[in-house]
K.L.:
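Quick one: the structure is below, and I'll ask about it shortly.
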Amino acid sequence: MPSADPSAIILEARGLCFLREDEPVFGPLDFALRAGEIALVEGDNGSGKTTLMRVLTGMLRPGEGEVRLDGATFSLDTMAGAVVFLGHQLGLKLDLSPRENLRVSSGLYGQREGADADLALAEVGLSGFEDEPVRRLSAGQKKRAALARLLIVPARVWLLDEPYANLDREGIALVNRLLEGHAQRGGAALVTSHGAVRFAGGEPRRIRLHA
Amino acid sequence: MPSADPSAIILEARGLCFLREDEPVFGPLDFALRAGEIALVEGDNGSGKTTLMRVLTGMLRPGEGEVRLDGATFSLDTMAGAVVFLGHQLGLKLDLSPRENLRVSSGLYGQREGADADLALAEVGLSGFEDEPVRRLSAGQKKRAALARLLIVPARVWLLDEPYANLDREGIALVNRLLEGHAQRGGAALVTSHGAVRFAGGEPRRIRLHA
Amino acid sequence: MTHGSTPTACAALLRRDLVLAWRRRGDIAMPVLYALIVATLFPFALGPEPALLARIAGGVVFVTVLLAVLLSLDHLFRGDIEDGSMEQLMLAPQPLALLVGMKVLAHWITSALPLIVVAPLLAGMLKLPGTAMPVLILALLIATPLLSLLGAVLVALTAGSRRSGMLLALMLLPLCVPVVIFAAGAVAAAQEGLPWAAPIAWLGAGLVMALVLAPLACAAALRIAMDS
Amino acid sequence: MTHGSTPTACAALLRRDLVLAWRRRGDIAMPVLYALIVATLFPFALGPEPALLARIAGGVVFVTVLLAVLLSLDHLFRGDIEDGSMEQLMLAPQPLALLVGMKVLAHWITSALPLIVVAPLLAGMLKLPGTAMPVLILALLIATPLLSLLGAVLVALTAGSRRSGMLLALMLLPLCVPVVIFAAGAVAAAQEGLPWAAPIAWLGAGLVMALVLAPLACAAALRIAMDS
Amino acid sequence: MSQSLSMGAYGFYVWSAVAVFFIVLLIDTLAPLARRRRNLRALRARIARQENRRRPGTPPQNESDA
Amino acid sequence: MANWVPLWLHRLGSPPVFYRFAGAVQPWALGFALVLGMVALYGGLFVAPADYQQGDAYRIIFIHVPSAWMSLFVYAAMSVAAFVALVWRIKIAEVVAMESAPIGAAFTFITLVTGSLWGKPMWGTWWTWDARLTSELVLLFIYLGVIGLHHSFEDRRQGARAASFLVLVGAVNVPIVHFSVNWWNTLHQGSTVRLLGPSHIEASMLWPLLTMMAATKLYYIASLFARVRAELVAAEGGKAWVRELLGLPERGTP
Ligand code: HEM
Ligand SMILES: Nc1ncnc2c1ncn2[C@@H]1O[C@H](COP(=O)(O)OP(=O)(O)OP(=O)(O)O)[C@@H](O)[C@H]1O
Ligand SMILES: Nc1ncnc2c1ncn2[C@@H]1O[C@H](COP(=O)(O)OP(=O)(O)OP(=O)(O)O)[C@@H](O)[C@H]1O
Ligand SMILES: [Mg+2]
Ligand SMILES: [Mg+2]
């Protein structure tokens, strides 16, 4: 792992700003995420949470300011699998089973030590659905299948866009459990939510966006 | 309006059951919705809420039992616009603006007296976005655009599948406001949720599904 | 409270589909481009002998138009099903067959009509004699709505499936064989100065039947397809 | 913790696309059937004269293959973009151009290869003389990957909802025309007993260039498409 | 006999036709047998999976307060 | 109409009954088909005399014509089943219609190949765009379309119903394709060769032909029943009778 130092800043935004047709979508943001930190991005509908996430993945180019990963300016080409993103679109192939979907992810991103697809699926509550095509899962089950990816992949930064949506209470607890585990392993995570759901693990950092 | 009698049963399920490959997805259900009643369908992920909704719209054929609308067995052909359904897929055309989408709905379903597209959009908090293609709206804004349809269309029965997902706090209050108004006008509604969100308007009926 | 009238609903849907097509007018250009490419290709592949080209012009134009229509048919209902609009259509208090008919009409206007407009150009490139041109246009005007309607029934059947446009092609072929034979036959007859009214009349009869039956069949097929 | 190696990632992606294709193996058969159908339509439209058919056989086979390849290319990236898999690919610690190359390879294997296998059958049905058959296969073996690669760039450009992509597509689509012209030309030459090595060599040169440049262009185009 | 087997000059055509007939129908006969076995195996697996699904949760049962 | 037909059909419409019935009939049908087929082939290939015009090549008739006949017969049977399936929603009819398609496609394929093998020595070409040949090819496409549509659905019954719909649409098309002989100016290569009407045929040639026709009918029944049984196991997976078949306990009892 490149940065074993627990107090090291992993992800940092400096004066980050995204412009769409020269209108700022979100204002200049400054924040730094250290190893083991979870930050909650809060804001109303349309305040720019998803846009911020896409900027942080490098998919969108920031209008002003910059994003730094492990202290270096980063782009799609240089971040080398350090980041995993879970968006409104889950990135699952409907014709593959959850297990096969996981195998693709671990092929692309590598596999965390000791991680196992079936264990991960059991942990997100999908035992018995390992071989069902994802097409046949309910909305919440699909979300869980996507969450299983987080348990497999060795990325240090998790960017989760509304991970709580479509999940039942047990599923919300599951997301919180996953985040706590990740923080304990020294990862960092940025999670968007509408504040309607209380994040359980300690008091997280909050980044507030205004529409 | 066919049934002005406030105590009349609008939507009724008798021994309703759906089988998928001969496995029951949800067990025999009996419930009756009267004018002005709102019922909450609760259940964990994969317990069959969406499936129940699709059966109630007539899109899926019940395995056993029957659904009655205004006392008559109903099917896609006989219900004549009495039902409006909002599912995980919102039924919005991404290339049209919210206003254009609303115009299509009112063309198909007719328009409620005194209803106006721009007023409805303002009520769901989309003023200023009337002419933006839906593609450019955020997830929550899309949901709001779909909700605006409820304000326009004269259907007496609303079937809402997870209307709260992707909405911020103000959006959740909006859905509750819409439901209360609908109940006061003598409509009936069935709403699924995971119970993570508390329904505000009085104590609603609850229908519980178990996986 | 006003329940929507059927004409309003049809107009709203037709208008929606036309606006959507206009928003993506690039996609309208695609079938035309395919057709142009195919037409350009033949002189290259066969050499520029006018007699040979003239001989095959009618047939090539029809096959090309058929394939181009097929290409665009594939998307007729898919978008509506994927984004949940089809459920809205089915729940609307209007006869589904009529609504489906409107969708087919919109499809014909946006994909077949441009092809008919460029058909004289294509035929000209392939040296079709000018005398046969009016017959070509007439045959296209009758054959393309027929193809759209027949195609729509099959697309509706595949609506709930995870299918590709190719399955559609396979299913459509047996249905469109007679159409192609009649249409190309009429043009060939006109080219040789023979009477061409009979095949056109057959096509017309087919079109009338399809206009009545196809929307009903479509609606029935969609009901089957959505019931999953 | 094991970071995925590039070969592993490529293998995983290739495997995924092949499994997906296998799950929908009906779709693999489809280009083949489609080509068969088109080949069937031509005799219907033109009449069954063997000499005439033999004359156009080469051209028809290539136009058909072009259409079938383009038809199936249409879905190359769309599925991945719509379900969010494309974001996963772009964030993976692997060169995007390579991953895209894998996708094109999978596409070629599942849609062009079956076509090449049935091409002799098609050509035979259209009375192409046996002497020209090896040249036909050779030309197809070089032309289809070229079409897949060029088509992939085209599809990547139109992937976003951006107008500019459409414009570039209009410029790129005609690029496919020379490929078909050279390939059909080689077959026509072989049919007439003329030397056919030159057009094949041109095609080969084009393929080498496309193998290097097209994945890079694709990756760049996809970045643009996702950046909205 | 060998003369009768060679079918004049047409042995190749006749025997190919017979061979095609038998091969195609043989495949057609064997396919459903294999499929039945596969289906039964898949069914056992599916039932096992479904038992597995039910184990962690409550038994299937529905209620409503109507 | 006598009411035993609907009664009998009604009883057979129950999947477990049909499963058992098919299981009892299938081996016999297959056995008789094999025996009759062998007898017919022996008669056709060795006993019947060579044709004075075509020499021994005409012996392909004993395969080609029964197969060609079956390719149409199976379509007819499939159409009836499809109609019943759509109108009365009978599961067995859906399964019968869908499982007929591959068999019909197999016979159509055999017809095409054996016709080609016959055409090469007789007409000097493997393939010509004769109306009858082409319509047979189109029939193959219809079969393949039905099979493709059936399998492109997630849900079995839905796929079966959609494909049944296509069967009926295609059935309307079959006569059209046949009449296209008149509309389409073909070369009509085959017309001179097809002088063998069954009535003109010699008895030593006729009996193997008729025997082969009976054998193919029986084969169709055998293959259809085997397929239906295979499909029923999957389609009725959750039902008690299949669980019993698997030796599993009733659902609900732990
Ligand atoms: C690919 C080539 C061929 C195909 C697809 C084909 C197809 C057919 C079909 C579909 C039938 C059944 C017609 C019906 O029952 O209504 C048939 C019958 C027949 N075919 Fe062929 N055929 C082919 C080649 C040939 C050749 C080369 C010969 C002989 C030289 C031949 C001789 C016959 C005869 C004698 C019948 C008997 C039925 C009758 O008299 O109508 N066929 N063929
Ligand atoms: N198309 C389908 N084919 C087969 N099985 C399905 C299909 N859709 C859903 N299922 C299964 O049916 C069950 C109920 O699904 P449903 O979508 O109704 O759940 P839900 O209550 O809406 O869940 P969620 O809260 O996650 O949306 C699930 O176990 C699911 O796996
Ligand atoms: N592709 C796009 N093109 C143009 N504008 C866009 C696009 N996507 C989003 N927007 C606009 O940018 C703003 C921020 O959108 P974003 O999706 O980031 O919001 P969000 O905070 O994720 O909201 P939600 O909670 O509803 O998901 C919104 O006003 C939206 O209308
Ligand atoms: Mg968002
Ligand atoms: Mg649901």
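Only this structure's heavy atoms are used, side chains among them; waters, hydrogens and symmetry mates stay out.
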K.L.:
Nearest heavy-atom pair of D:Ala12 and A:Gly107: which atoms, and what distance?
P.N.:
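So the minimum-distance heavy-atom pair works out to CB-CA, 3.7 Å.
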K.L.:
Please name the pair of heavy atoms, one in D:Arg23 and one in A:Leu96, separated by the smallest distance, quoted to 0.1 Å.
P.N.:
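Here D:Arg23 and A:Leu96 meet closest at NH1-CD2, 3.8 Å.
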K.L.:
If I take atom CE from residue A:Met59 and atom CG from residue D:Leu91, how far apart are they, to the nearest 0.5 angstrom?
P.N.:
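Those atoms lie 4.5 Å apart.
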K.L.:
Any donor-acceptor pair under 3.5 Å linking the side chain of A:Tyr109 with the backbone of D:Gln88?
P.N.:
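Here the side-chain-to-backbone pair exists.
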K.L.:
Can you confirm whether A:Arg61 is buried at CZ, in the sense that more than 12 heavy atoms of other residues, nucleotides or ligands lie under 6.0 Å from that atom?
P.N.:
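Check fails, neighbour count at 12 or below.
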K.L.:
Answer yes or no: is there an ion pair linking D:Arg15 with A:Glu100, defined by an N-O contact shorter than 4.0 Å?
P.N.:
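Salt bridge: no.
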K.L.:
Sub-3.5 Å donor-acceptor pair from the side chain of D:Arg16 to the main-chain atoms of A:Val104, do we have one?
P.N.:
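Side chain of D:Arg16 to backbone of A:Val104: no pair is present.
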K.L.:
Please flag which part of D:Leu99 lies under 4.5 Å from any non-hydrogen atom of chain A: side chain, backbone, both or neither.
P.N.:
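Just the side chain, heavy atoms under 4.5 Å.
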K.L.:
Enumerate the side-chain hydrogen bond (donor to acceptor under 3.5 Å, both in side chains) contacts for residues 134-150 of chain D, please, sequence neighbours excluded, ordered by first and then second residue.
P.N.:
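Only D:Trp108-D:Thr144 qualify under side-chain hydrogen bond (donor to acceptor under 3.5 Å, both in side chains).
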K.L.:
Tell me every residue that passes side-chain hydrogen bond (donor to acceptor under 3.5 Å, both in side chains) with A:Asn166, counting only those two or more places apart in sequence or in another chain.
P.N.:
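Once residues adjacent in sequence are excluded, the partners of A:Asn166 under the side-chain hydrogen bond (donor to acceptor under 3.5 Å, both in side chains) criterion are B:Glu162.
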K.L.:
Run D:Asp83 and A:Leu90 through side chain to side chain contact (heavy atoms under 4.5 Å, CB included) and show every step you take.
P.N.:
CA-CA 6 Å; D:Asp83 67 11; A:Leu90 301 173; over 6 Å; no
K.L.:
Find the distance between OG (D:Ser85) and CG (A:Asn101) and round it off to the nearest 0.5 Å.
P.N.:
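Reported to 0.5 Å precision, the distance equals 7.5 Å.
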K.L.:
If I take atom CG from residue D:Leu20 and atom NZ from residue A:Lys93, how far apart are they, to the nearest 0.5 angstrom?
P.N.:
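Answer for the CG-NZ pair, D:Leu20 versus A:Lys93, is 6.0 Å.
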K.L.:
Taking side chain as everything from C-beta outward and backbone as N, CA, C, O, which of these in A:Leu92 sits under 4.5 Å from a heavy atom of chain D? Side chain, backbone, both or neither.
P.N.:
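Interface part for A:Leu92: backbone (N, CA, C, O).
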